[in-house]
Chemist: 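Got a structure here, written out as structure tokens. Questions coming.
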There are 2 protein chains.
Amino acid sequence: MSENFIEQLRGYVANNGLKSSRQREIIAGVFFGCEEHVTIDQLLSKAREKDSKISQATVYRTMKLLSECGLAKMRHFQSGQTLYEVSDGEKGHHDHLICLDCGKIVEFVNAKIEELQHTIAEEHGFELTDHRMELYGHCADTKCPGKERA
Amino acid sequence: MSENFIEQLRGYVANNGLKSSRQREIIAGVFFGCEEHVTIDQLLSKAREKDSKISQATVYRTMKLLSECGLAKMRHFQSGQTLYEVSDGEKGHHDHLICLDCGKIVEFVNAKIEELQHTIAEEHGFELTDHRMELYGHCADTKCPGKERA
DNA sequence: GTCAGTGCAAAGGTTTTGCAATTTA
DNA sequence: TAAATTGCAAAACCTTTGCACTGAC
């Protein structure tokens with residue numbers, strides 16, 4: 001499972017003219033093993049269990065990289081500290097756009113909205129477990145019957 | 001409208017052994033007149049139009065007070081800066097937070113989400129006409145039956 | 001050999017705090 | 001007068017960056 005993420009990371013690194021490093025592998029390994037939101041400091045101390053010389057800057061740089069390649073999500077809650085979360089994403093976590101004319105359903109995922117939903121839930125003291133969001137409208141498909149009206 | 005908020009603030013101040021101050025009234029007045037999220041710096045510069053000697057520290061302290069008494073909401077988005085929002089929620093459109101334990105429904109409004117929804121619809125060539133969003137989770141109410149499980 | 005990655009320390013940006021002076025009740 | 005509030009500057013945070021060095025390709 002964590003293996004899979006590491007492979008994705010390696011692929012990203014290889015395909016983007018980057019180089020691998022021992023420190024990054026350690027940090028990523030630690031991160032992918034985390035269940036919950038983690039802070040930079042938490043990652044740093046866990047990483048230092050495996051290599052005591054890893055610097056905070058490297059953790060920041062690694063997490064930035066993981067965010068860029070979609071393997072980590074950054075969250076800003078009220079603490080002022082950034083929390084990082086493994087972005088498994090594939091739990092059926094998509095939302096829907098529905099055309100009122102032809103019934104076509106488009107699935108989409110939007111990290112920003114997911115993030116905001118968490119923020120909203122938190123502000124109301126909720127522990128979020130699920131959500132549904134549906135957007136209704138008229139699609140742009142020329143074959144859609146709705147277009148005949150226009 | 002803004003008047004109402006100011007009264008609430010004064011009540012809170014009076015009931016909590018605090019004292020009033022010209023600066024705080026100015027900052028609160030400016031804040032309650034804001035439609036959108038505002039930063040400390042925006043509040044500061046608007047407040048300084050009325051009293052050029054108001055300090056940033058006072059703005060921070062005032063906004064902290066307003067948050068504590070429920071008149072302002074702090075938001076931490078990706079910018080790293082804290083945004084403050086008047087917590088009225090009376091703009092008509094709202095979405096729902098639903099407690100899976102006690103069925104409690106909390107209404108909320110979020111301009112950013114509304115905005116993102118339009119952006120997403122546009123990206124997919126949809127003309128948005130309506131939407132629904134529901135967040136499901138467990139509320140923080142101690143009287144909520146779900147808490148017995150824990 | 002070249003260029004990305006690292007560690008360190010310094011710099012940046014935002015928010016909080018200590019303190020003397022001021023203002024309110 | 002006692003206590004809260006203020007402005008200022010310093011301190012405290014979190015995060016990013018410059019630089020010389022190391023390590024991967």
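In the text below, chain A, chain B and the rest are named by the order of the sequence lines, each starting its count at 1. Note: hydrogens, waters and symmetry copies are ignored here, and every other heavy atom, side chains too, is used.
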Chemist: Identify whether the distance between the nearest side-chain nitrogen and carboxylate oxygen of B/Arg10 and B/Glu7 falls below 4.0 Å.
Modeler: yes
Chemist: Taking the side chain of B/Arg24 as heavy atoms from C-beta outward, which of C/dA4, C/dA25, D/dT6 is closest to it?
Modeler: D/dT6
Chemist: Could you tell me the separation between the CG atom of B/Leu44 and the C1' atom of D/dT6, rounded to a whole number of Å?
Modeler: 13 Å
Chemist: Considering just the side-chain nitrogens and oxygens of B/Thr82, establish if one lies under 4.0 Å of OP1 or OP2 belonging to C/dT14.
Modeler: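 For C/dT14, neither OP1 nor OP2 has a side-chain N or O of B/Thr82 closer than 4.0 Å.
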Chemist: Apply side-chain contact (heavy atoms from CB on, under 4.5 Å) to B/Phe32 and B/Asn4, showing your working.
Modeler: CA-CA 10 Å; B/Phe32 292 134; B/Asn4 190 17; over 6 Å; no
Chemist: Based on the rotation axes of five pairs at each end, what angle does the helix from C/dG1-D/dC25 to C/dA25-D/dT1 bend through, to 10°?
Modeler: 30°
Chemist: Report the distance from atom CD of A/Gln42 to atom C1' of D/dC14, rounded to the nearest whole Å.
Modeler: 14 Å
Chemist: With the threshold set at under 4.0 Å for non-hydrogen atoms, list the residues of residues 57-68 of chain A touching DNA chain D in residue-number order.
Modeler: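 Residues of residues 57-68 of chain A that come under 4.0 Å of DNA chain D are, in numerical order, A/Ala57, A/Tyr60, A/Arg61.
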Chemist: For the side chain of B/Ser21, starting at C-beta, report the closest nucleotide among D/dC14, D/dT6, C/dT15.
Modeler: D/dT6
Chemist: Rounded to the nearest angstrom, tell me the gap between atom CG in B/Leu83 and atom P in C/dG13.
Modeler: 18 Å
Chemist: CD of B/Gln81 versus P of C/dG12: gap in Å, rounded?
Modeler: 17 Å
Chemist: Identify the two heavy atoms, one from B/Ile54 and one from B/Leu44, that lie closest to each other, and give their separation to 0.1 Å.
Modeler: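 Heavy atoms only, the tightest pair is O-CD1, 3.6 Å.
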Chemist: Closest-nucleotide mapping onto DNA chain C: is B/Ile40 or A/Gln56 further toward the 5' terminus? I mean the 5' end.
Modeler: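 The residue whose closest nucleotide sits nearer the 5' end is A/Gln56.
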Chemist: Between atom CG in A/Leu18 and atom P in D/dG23, what is the gap in whole Å?
Modeler: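 My rounded result for the distance is 19 Å.
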Chemist: Between A/Arg10 (CZ) and D/dC25 (P), how many Å, whole number?
Modeler: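 Whole-Å distance recorded here is 11 Å.
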Chemist: When the distance from CG of B/Asn15 to C1' of C/dA25 is rounded to whole Å, what number comes out?
Modeler: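 Rounding to the nearest Å, CG of B/Asn15 and C1' of C/dA25 are 15 Å apart.
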Chemist: So, B/Arg24 side chain and B/Lys19 main chain: donor-acceptor pair closer than 3.5 Å or not?
Modeler: yes
Chemist: Over how many whole Å does the gap from A/Ile26 atom CD1 to C/dG5 atom C1' extend?
Modeler: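 For the pair A/Ile26 CD1 and C/dG5 C1', the rounded distance is 13 Å.
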Chemist: On DNA chain D, check which nucleotide each of A/Arg22 and B/Lys19 is closest to and give me the residue with the more 5' one.
Modeler: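 In this pair, the answer is B/Lys19.
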Chemist: Considering non-hydrogen atoms only, spot the tightest contact between A/Thr58 and A/Ile27 and give its length.
Modeler: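 So the two residues come closest at CG2-CD1, 3.7 Å.
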Chemist: Of all heavy-atom pairs between B/Ser67 and B/Met74, which one has the smallest distance, and what is that distance?
Modeler: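 Here B/Ser67 and B/Met74 meet closest at OG-CG, 3.4 Å.
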Chemist: Any idea which heavy atoms bring B/Cys69 and B/Leu9 closest together, and the distance?
Modeler: SG-CD1, 4.4 Å
Chemist: Are B/Ile40 and B/Thr82 close enough that some pair of their side-chain heavy atoms sits under 4.5 Å apart?
Modeler: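 No - every pair of side-chain heavy atoms lies 4.5 Å or more apart.
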Chemist: If every non-hydrogen atom of A/Leu43 is compared with every non-hydrogen atom of A/Cys34, which pair is closest and at what distance?
Modeler: CD2-SG, 4.3 Å
Chemist: Looking at A/Gln23, I'd like to know whether one of its side-chain N or O atoms comes within less than 4.0 Å of OP1 or OP2 on C/dG7.
Modeler: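 Checking C/dG7 against A/Gln23, a side-chain N or O does come within under 4.0 Å of OP1 or OP2.
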